[in-house]
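Written out below as C-alpha cells is the structure these notes cover.
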Amino acid sequence: MFGKAHINEQDLERIRKLRIFDDEFLREVFDGEHSSDAVAAAELVLNIIFDRNDIKIIKMICQREIKGIEGHSVKLDIMAEDCDNKLYDIEIQREDKGELPLRARYNSSLMDTILLPEGTDYSKLISTYVIFFTEKDMVGDGLPIHHYEMRDNETGNLLGDERHIIFVNGDNKDTNTRLGKLIHDFKCTSADNMYYPELAKRVRHFKETEGGVESMSRLLEDMRNEAAREASILMAIEIWREDGYSELEIEKKAVFKFGITAGEANEYMSKKSA
C-alpha cells in the first residue's frame, strides 16, 4: 500500500477500527487550525445539528485546555467560533457515568472564563453551545436531540443568558434524516460507507494515506506513554498513602517528583481515591 513497515500491525488494526465516536480520532478528524477540510467537516456537523446550511466557522481549535479557578482543568475536544460570534464546544461521551449534565455545566462555565477576562463588561459575553454526542440514548426517550436553555419555572420564559447545552443521541438509527446520517457516519470505520463526503475525506486521510496513518501511529504511541506516566503517578500516590503521608504532603511530593502542577496533582489524587 505505502511505506509503513515501521508501523506495527496492532497499531494498523486499531487505526482501521477507529470511528469518529472515538474521541482521540474525533480530535484528529476535526483538527482544523490549518486545514480547510477539517473546518468544512465541522461546519457540516453544526449545520446538521441546527438544521441550517449557512453556519461558517472563522476559528477552530482542538484540545483547548481551560483551567478553572481552583486549578481543575478541562480539555475541550473541539472549540469553534462562527461568523455570528457564537462559540461551540463539541464533545464525545462514550460512557454514561451519570455526570453528563454536570460536565456540560462545568464546560459551559469554563467557556465563559475565556470570553470574559478580568475587567471586561458582561455585555461582551457571546452565545455558547456545549454539544455532547452520546454513544447511547442517555436521556432514554428515543428523541434524536435535546436542547436545554435556562427558563423561568413559573412563566416558562427564557432567561436569555445565551447559554445552551445540547445532547445528541448516538443511538439514533434513522438514516432518513440528516442527523441520523451524521450519527451513522460517526460510527463508521470505513470512509467508503459514509454518507457525507466532508467526513469521508477526513477519515480516508487518516486511514489510507501515508502521512495520515503515520500521524495516527504517533498519536497512539503518545497515548501509551501518557497512560504509562499516569499509572506511575497513581501508583506513587497509593504508596505514599500507605506510608502515612498526609494529602498535602502527597500533593507536594507529586509536584516535585513528576513536574506537575498542584491542580494536576489533586486531579490524580481524586482519581485514585474515587
Side-chain angles (χ1 to χ4, degrees), residues 1-33 35 37-46 48-49 60-63 75-78 89-97 100 103 131-138 144-145 167-175 177-231 271:
M1 186 175 173
F2 46 73
K4 54 179 183 178
H6 59 289
I7 302 175
N8 68 63
E9 186 58 39
Q10 285 184 328
D11 277 358
L12 291 174
E13 181 61 23
R14 184 173 179 185
I15 292 168
R16 284 191 286 267
K17 291 180 178 179
L18 284 172
R19 313 161 305 155
I20 297 175
F21 245 113
D22 299 307
D23 54 5
E24 67 268 26
F25 194 49
L26 171 107
R27 291 190 290 265
E28 292 298 301
V29 168
F30 293 100
D31 189 0
E33 194 169 2
S35 169
D37 289 340
V39 171
E43 287 175 346
L44 169 79
V45 170
L46 291 177
I48 290 173
I49 289 173
M60 186 167 76
I61 187 169
C62 293
Q63 284 200 293
K75 280 187 179 179
L76 305 184
D77 283 344
I78 306 168
D89 165 34
I90 303 175
E91 301 284 329
I92 289 291
Q93 179 71 24
R94 294 282 306 277
E95 299 177 5
D96 181 7
K97 298 180 179 178
L100 189 58
R103 280 194 60 199
I131 303 165
F132 273 92
F133 281 83
T134 64
E135 188 162 24
K136 303 297 181 182
D137 180 5
M138 292 189 180
I145 192 167
F167 300 151
V168 182
N169 179 8
D171 208 27
N172 176 13
K173 298 179 176 64
D174 185 4
T175 53
T177 66
R178 294 172 75 197
L179 187 55
K181 288 183 173 72
L182 181 68
I183 295 300
H184 169 274
D185 284 5
F186 267 44
K187 292 190 170 184
C188 271
T189 59
S190 171
D192 293 338
N193 297 327
M194 291 184 165
Y195 286 100
Y196 294 109
E198 296 93 335
L199 296 177
K201 185 175 184 179
R202 293 296 289 166
V203 169
R204 188 168 283 113
H205 169 71
F206 289 108
K207 293 196 176 200
E208 299 179 19
T209 71
E210 183 169 6
V213 172
E214 288 181 347
S215 175
M216 288 306 305
S217 178
R218 288 192 297 269
L219 173 66
L220 294 178
E221 181 62 26
D222 289 344
M223 289 171 62
R224 283 192 290 270
N225 292 338
E226 179 59 30
R229 180 172 181 268
E230 178 173 319
K271 190 177 298 186

Quick check: closest heavy atoms across [X] and [Y], and the distance to 0.1 Å?
{"X": "Lys17", "Y": "Thr189", "answer": "O-CG2, 3.4 Å"}
{"X": "Gly180", "Y": "Thr175", "answer": "O-CG2, 4.1 Å"}
{"X": "Glu28", "Y": "Arg202", "answer": "O-NH2, 3.2 Å"}
{"X": "Leu100", "Y": "Met138", "answer": "CD2-SD, 3.8 Å"}
{"X": "Cys62", "Y": "Phe30", "answer": "SG-O, 3.0 Å"}
{"X": "Ala200", "Y": "Ala191", "answer": "O-CB, 3.5 Å"}

From [atom1] ([X]) to [atom2] ([Y]), nearest 0.5 Å:
{"X": "Lys181", "Y": "Asn172", "atom1": "NZ", "atom2": "CG", "result": "11.0 Å"}
{"X": "Phe206", "Y": "Glu214", "atom1": "CZ", "atom2": "CD", "result": "12.5 Å"}
{"X": "Cys188", "Y": "Leu18", "atom1": "SG", "atom2": "CG", "result": "13.5 Å"}
{"X": "Arg16", "Y": "Asp11", "atom1": "CZ", "atom2": "CG", "result": "10.5 Å"}
{"X": "Ile78", "Y": "Ile61", "atom1": "CD1", "atom2": "CD1", "result": "12.0 Å"}
{"X": "Ile183", "Y": "Asp174", "atom1": "CD1", "atom2": "CG", "result": "11.5 Å"}

- Task: Apply salt bridge (Lys or Arg N to Asp or Glu O under 4.0 Å) to the pair Arg14 and Asp22, showing each step before the final yes or no.
- Result: CA-CA 11 Å; Arg14 184 173 179 185; Asp22 299 307; over 6 Å; no

A side-chain contact here means heavy atoms from C-beta on lying under 4.5 Å apart; do [X] and [Y] qualify?
{"X": "Leu76", "Y": "Glu91", "answer": "yes"}
{"X": "Leu199", "Y": "Leu182", "answer": "yes"}
{"X": "Val45", "Y": "Phe133", "answer": "yes"}
{"X": "Ile20", "Y": "Val203", "answer": "yes"}
{"X": "Phe132", "Y": "Arg103", "answer": "yes"}
{"X": "His184", "Y": "Tyr195", "answer": "yes"}
{"X": "Tyr196", "Y": "Arg178", "answer": "yes"}
{"X": "Ile15", "Y": "Lys207", "answer": "yes"}

- Hey, does the side chain of Arg19 reach the backbone of Phe25 with a donor-acceptor pair shorter than 3.5 angstrom?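 Checked: no pair found.
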
- For the pair Thr134 (side chain) and Ile92 (backbone), establish whether a donor and an acceptor sit closer than 3.5 Å, ignoring hydrogens and angles.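 A pair under 3.5 Å: no.
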
- Is the count of non-hydrogen atoms from other residues, nucleotides or ligands lying under 6.0 Å from Gln10 atom CD greater than 12?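 At most 12 heavy atoms, drawn from other residues, nucleotides or ligands, come within 6.0 Å of this atom.
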
- Query: How about Lys201: does its NZ atom have over 12 heavy atoms from other parts shown lying under 6.0 Å from it?
  - Reply: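 At most 12 heavy atoms, drawn from other residues, nucleotides or ligands, come within 6.0 Å of this atom.
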
- Query: Which of these, Ile90, Asp23, Ile131, sits in a side-chain contact (heavy atoms from CB on, under 4.5 Å) with Asp77?
  - Reply: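 So the option named by the test is Asp23.
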
- Salt-bridge contact Glu221-Arg218 (side-chain N to carboxylate O under 4.0 Å):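 Between Arg218 and Glu221 there is no salt bridge, as every charged N stays at least 4.0 Å from the carboxylate O atoms.
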
- Message: So that I can tick it off, tell me whether Asp171 and Lys173 are bridged by a salt bridge, with the cut-off set at under 4.0 angstrom between side-chain N and carboxylate O.
- Response: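 Looking at Asp171 together with Lys173, the answer is yes, because their closest N to O distance falls below 4.0 Å.
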
